[in-house]
Amino acid sequence: MGVLELCDYPPAAVSMEASVADAVRLMLDVHVGAVTVVDDEKRVAGIFTERDVLRKFALGGRSRKIPPSAR
C-alpha cells in the first residue's frame, strides 16, 4: 500500500498568503493536524502543523530548553 492511498483527497491546503488563523480554521474544519502551504501554481512550499502552532504560539517565543519552573 502506498502513502497516497491513505491520504484524504483533496488535500487540505492554504496559500502562502494565508494567516495562521486561516490555516488553523481549515485544520479544524477538515479534522486534520496539518495543511500544506502552496504557491500560486499549487506547488507545495511547506507544511503547517499543529506542532508549529504549539511550539511558536503556546510557548510565546520562549526557549523550549528552559523548564517552566525555572522561569
Starting from [Y], can I reach [X] by hopping between I/L/V/M/F/W/Y residues whose side chains sit under 4.5 Å apart?
X: I47; Y: L26; result: no
X: V24; Y: L54; result: no
X: V32; Y: V37; result: yes
X: V20; Y: V38; result: no

Which residues, ordered by chain and number, are linked to L6 in its hydrophobic cluster, where ILVMFWY side chains connect at heavy-atom gaps below 4.5 Å, directly or through other members?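 ILVMFWY cluster around L6 also holds M1.
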If you take all heavy atoms of V35 and A23, which pair is closest and at what distance? CG2-CB, 4.1 Å
Considering all heavy atoms, the nearest A12-A34 contact: CB-O, 4.4 Å
D52 with R55: basic N within carboxylate O range, under 4.0 Å: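 A salt bridge links D52 with R55.
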Using the test salt bridge (Lys or Arg N to Asp or Glu O under 4.0 Å), find all partners of E41 that sit at least two apart in sequence or belong to another chain. R43
If only atom types and distance count, is the side chain of D22 paired as donor or acceptor with the main-chain N or O of S19 below 3.5 Å? yes
Okay, side chain of D39, backbone of K42: is any donor-acceptor separation there less than 3.5 Å?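 Flag set: sc D39 to bb K42 pair under 3.5 Å.
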pair V14-M27: side-chain heavy atoms closer than 4.5 Å: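 When only atoms from C-beta onward are counted, M27 and V14 do not touch, as no gap falls below 4.5 Å.
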Kindly write out the residues that satisfy side-chain hydrogen bond (donor to acceptor under 3.5 Å, both in side chains) with T36, not counting sequence neighbours, or none if the list is empty.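 T36 satisfies side-chain hydrogen bond (donor to acceptor under 3.5 Å, both in side chains) with no other residue.
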With side chain to side chain contact (heavy atoms under 4.5 Å, CB included) as the criterion, how do L4 and Y9 come out once you've worked through the C-alpha distance, each side chain's angles and the decisive distance to 0.1 Å? CA-CA 9 Å; L4 285 177; Y9 189 84; over 6 Å; no
Counting only heavy atoms not in D29, do more than 12 sit closer than 6.0 Å to its CG atom?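 Count over threshold, so yes.
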